[in-house]
Amino acid sequence: MASVTASTTPQTHPANSGSDDGDVPAPGAETLPGGAEHEHAYHYEEEQGATVTHTGSLSRRMMMIAAGWIVILLSVGGFALDRVLTNQLEQEFDNRLLIPLNAMLRSAEVDPIWGVRFNSILGNQSYLEPGSGSYWQISGDGYDPFPSNSLWDDRLVVREGEFLEPVFYDSVQFRDEALRIVQRTVQLPGSDVQWQFVVAQNREEIDNQIAQVRLTLIWSFAILGIGLFLMAMAQTWYGLGPLRRVRQAIARIRTTGTNRVTEPLPLEVQPMVEELNALLEHSEKQAEEARTHAGNLAHALKTPLTVLNNAAHAQSPDLPEAVLREADVMQRHVDHHLARARAVGRRATGLSRASAMESAQGVERAVSRLYQHVRFDIAGRDTDVAMERQDLDELLGNLIENAAKYGGGSVFITIDAEPDAKRCVIWIEDDGMGIPEKERDAIFGRGARLDMSKPGTGLGLAIVRDVAQIYGGTVSLHESEDLGGLLVKLKLPRAG
C-alpha cells in the first residue's frame with residue numbers, strides 16, 4: 001500500500017543559512033540618575049568596549065523642573081503679597097494725612113484780607129517747625145498761598161483742577177525730600193473762590209516700612225524656596241530609589257548568577273521589572289534550547305562516528321559504503337538541527353510576519369516544475385502568520401512536495417480554512433493512499449519513512465513539526481474527505 005512519507009524541502013526553497021545575533025546591552029551599562037550611576041555606566045563601557053549613550057540625568061531633570069516651578073510660584077506669590085502689604089501701608093499712611101486735612105476744613109473760614117484763616121490752632125507741633133517734613137497749604141485764585149510755618153519760604157505746587165473728594169499723589173518738588181500729598185477743592189461759605197486745601201508729608205517713614213516689609217518677604221521666600229528645593233531633592237532621591245534597586249538587582253544577576261528580580265517594587269516600576277524578568281526567561285529558554293540542540297546533535301552524531309571509527313580501525317572491507325551511509329545519517333541530523341536553530345533565532349525577533357497565500361503560491365510554482373504531472377489548486381484567503389517567510393516556505397515546501405510526491409496527481413491547498421479559529425489553519429490535501437491512523441504519530445520521528453521506494457531522508461515532517469512548535473503552532477495528519485488521501489492540518493499563530 002502506497003503512503004505519504006516525509007521528505008526534504010525542494011532545493012528551489014532553501015532555508016535561511018543563519019540569523020543575525022542582536023547585541024543585548026549589559027545591565028551594568030544602564031544609564032540611571034545620579035553621578036554614581038553614570039560613573040558605573042562609563043566604567044562598564046571602558047571594560048566592555050560598548051557604546052553607552054544617555055540623554056542626561058533623570059534626577060537633574062526633576063530638580064530643574066522643581067526649581068523652575070518653585071522660582072515661578074514664589075516670585076508670583078511674593079509679588080502679589082508685596083503689592084497687598086504695600087497698598088495696605090500706603091492706605092494707612094493716607095488715612096493719617098486725612099486727619100489734619102479734615103481739621104483744616106473744620107477750622108477754615110473766609111477772611112476779608114487774607115482770603116481764608118483758621119478760627120482755631122492746629123494741634124500738630126510739626127507744622128510749626130521749618131523743614132519738619134509735615135506741611136499744609138491753602139491756595140485760591142487771586143490770593144497768595146496760605147502756608148504752614150514748616151514750609152518757611154517754600155510753597156507747595158498743587159495740581160490744577162477741581163477735586164471734590166480727596167486725591168492722593170506723590171511729589172518730588174523738594175530736593176532730597178519725597179512727599180506724599182493729599183489735596184481737596186472746597187468752596188467756603190461766603191466766598192466764590194475754589195480753595196485748594198493741601199496736606200503733605202515726607203515719605204521717608206512709609207518708604208522705610210515698605211523696605212522692611214520687602215526685605216522680610218525676600219528672606220522669608222528665599223528660606224521657603226531653599227526648603228522646598230531640599231524637599232524636592234529628598235523626594236527625587238527617595239522616588240528614584242526603586243530604579244537604583246533595579247540597577248543593583250541587574251548587577252547581581254550579572255555577577256552572582258541570580259536569574260530574576262524578585263524584590264517588591266512600586267506599581268510604576270513593577271511592569272518594567274516584569275518585562276525584564278520575561279526577557280530573562282526568554283533568554284534562558286533560548287539558551288536551554290541551544291544547549292538541548294547541541295546535546296541532541298552531539299548524541300546523534302556519536303553513533304555514526306563510532307561506527308566509522310570502528311570500521312576504520314578494523315579495516316573493514318565495506319568501509320567506503322559505511323562512510324557514505326553514516327555520512328548520510330550525520331547530514332540528516334545536521335540539517336534537522338540547523339533548521340531548528342534557524343527557526344529559534346528568527347523567532348527571537350518577535351516581529352515575524354509572513355503572508356501564507358504568497359508563500360503557498362511561491363512554493364507551488366517551484367514544486368510544479370519538479371512534478372509537472374501534478375495538478376495544484378490553491379484556495380482560501382490571504383492571511384498573515386507570525387512566522388518568518390523563510391521558515392513558512394520551508395514548512396509548506398515539505399508538506400506540498402510530500403503531497404505531490406506521494407499523492408495520486410492532485411494537491412489542494414486551502415489557506416485559512418477555519419477563519420473563526422484563533423490560529424490560521426492551512427490544509428494540504430492529496431489523492432494518494434494516505435497514512436493509517438495508527439502510524440500517523442510515528443511518521444513525525446526523525447528518519448521515519450513508510451515508503452522506502454522513493455528517495456528521501458525522513459526528516460521533512462520532523463522538521464515541520466519542530467519548526468511549527470517553535471513558533472507556537474501544530475501539525476497533524478487526517479484523512480481527506482474530498483480527495484480520499486492525506487489531509488495535513490498546519491496551525492500557525494496569526495500575526496498581530
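By convention here, the first residue in the shown sequence is residue 1.
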- request: Provide the closest heavy-atom pair for A468 versus L492 in the form atom of the first, atom of the second, distance.
  value: CB-CD2, 4.4 Å
task: May I ask you to test the D382-I415 pair for a side-chain heavy-atom distance under 4.5 Å?
output: no
- request: Identify the residue among N208, D170, V172, L179 that makes a side-chain contact (heavy atoms from CB on, under 4.5 Å) with R203.
  value: D170
message: Can you tell me how far apart NE2 (H313) and CG (L319) are? Round to the nearest 0.5 Å.
response: 11.5 Å
query: Would you call E394 and M387 a side-chain contact if the rule is heavy atoms closer than 4.5 Å?
result: no
message: Using every non-hydrogen atom in the two residues, find where V374 and A404 come nearest and quote the distance to one decimal.
response: CG2-O, 3.8 Å
query: Does a side-chain N-to-carboxylate-O contact under 4.0 Å join E205 and R180?
result: no
query: Is there side-chain contact between V213 and T86, with heavy atoms separated by less than 4.5 Å?
result: no
Heavy-atom pair of closest approach, residues G239 and P242: O-CD, 3.2 Å
- prompt: Taking all atoms of both residues into account, what is the closest heavy-atom pair of L396 and A356, and its distance?
  reply: CD1-O, 4.2 Å
Extract all donor-acceptor atom pairs below 3.5 Å that involve side chains of residues 62-84 and protein atoms in other chains or at least two apart in sequence.
unit_1: S75; atom_1: OG; unit_2: V71; atom_2: O; d: 2.6
unit_1: D82; atom_1: OD1; unit_2: R214; atom_2: NE; d: 2.8

field: Closest approach of E401 to V367 (non-hydrogen atoms, all atoms of both residues)
entry: CA-CG1, 4.2 Å
task: Can you establish whether the number of heavy atoms outside E274 located under 6.0 Å from its atom CD is more than 12?
output: yes
- prompt: Could you give the distance from CG (L89) to CZ (F93), rounded to the nearest 0.5 Å?
  reply: 10.5 Å
- prompt: Just how far is it from atom CD of E364 to atom CG of D377, taken to the nearest 0.5 Å?
  reply: 9.0 Å
- request: Please check if the side chain of S359 supplies one atom and the backbone of S355 the other of a donor-acceptor pair under 3.5 Å.
  value: no
task: Go through Y471 and E388 one step at a time and tell me if the side chain to side chain contact (heavy atoms under 4.5 Å, CB included) criterion holds.
output: CA-CA 9 Å; Y471 282 100; E388 287 290 336; 3.6 Å; yes
- prompt: Do any N or O atoms from the side chain of D431 and from the backbone of G408 form a donor-acceptor pair under 3.5 angstrom?
  reply: yes
With R494, the salt bridge (Lys or Arg N to Asp or Glu O under 4.0 Å) member among D420, D416, D384: D416
field: Worked check of side chain to side chain contact (heavy atoms under 4.5 Å, CB included) between V488 and V475
entry: CA-CA 7 Å; V488 181; V475 59; 3.7 Å; yes
Gap separating the CG atom of N398 from the CD1 atom of I428, nearest 0.5 angstrom: 10.5 Å
statement: Distance col, row D430:CG vs L486:CG, nearest 0.5 angstrom, shows 5.5 Å
- line: Separation between CZ (R260) and CD (E281), nearest 0.5 Å, reads 5.0 Å
Non-hydrogen side-chain atoms of I400 and F376 separated by less than 4.5 Å: yes
field: Atom CD of E204 with >12 non-hydrogen neighbours under 6.0 angstrom
entry: no
- prompt: Is there side-chain contact between L217 and L85, with heavy atoms separated by less than 4.5 Å?
  reply: yes
message: Please evaluate residues L58 and L243 with respect to the criterion side chain to side chain contact (heavy atoms under 4.5 Å, CB included), reporting the C-alpha separation (whole Å), side-chain torsions for both, the decisive distance (0.1 Å), and the verdict.
response: CA-CA 11 Å; L58 188 60; L243 293 181; 4.0 Å; yes
field: Of D482, L399, T414, the residue whose pairing with W427 passes side-chain contact (heavy atoms from CB on, under 4.5 Å)
entry: T414
message: Just so I know, are the side chains of N277 and V261 near enough to count as touching, which here means a heavy-atom distance under 4.5 Å?
response: yes
N87 and Q91: CA distance, side-chain angles, deciding distance, side chain to side chain contact (heavy atoms under 4.5 Å, CB included) verdict: CA-CA 6 Å; N87 292 337; Q91 185 176 0; over 6 Å; no
Residue pair R423 / T474: nearest heavy atoms and the distance that separates them: NH1-CG2, 3.8 Å
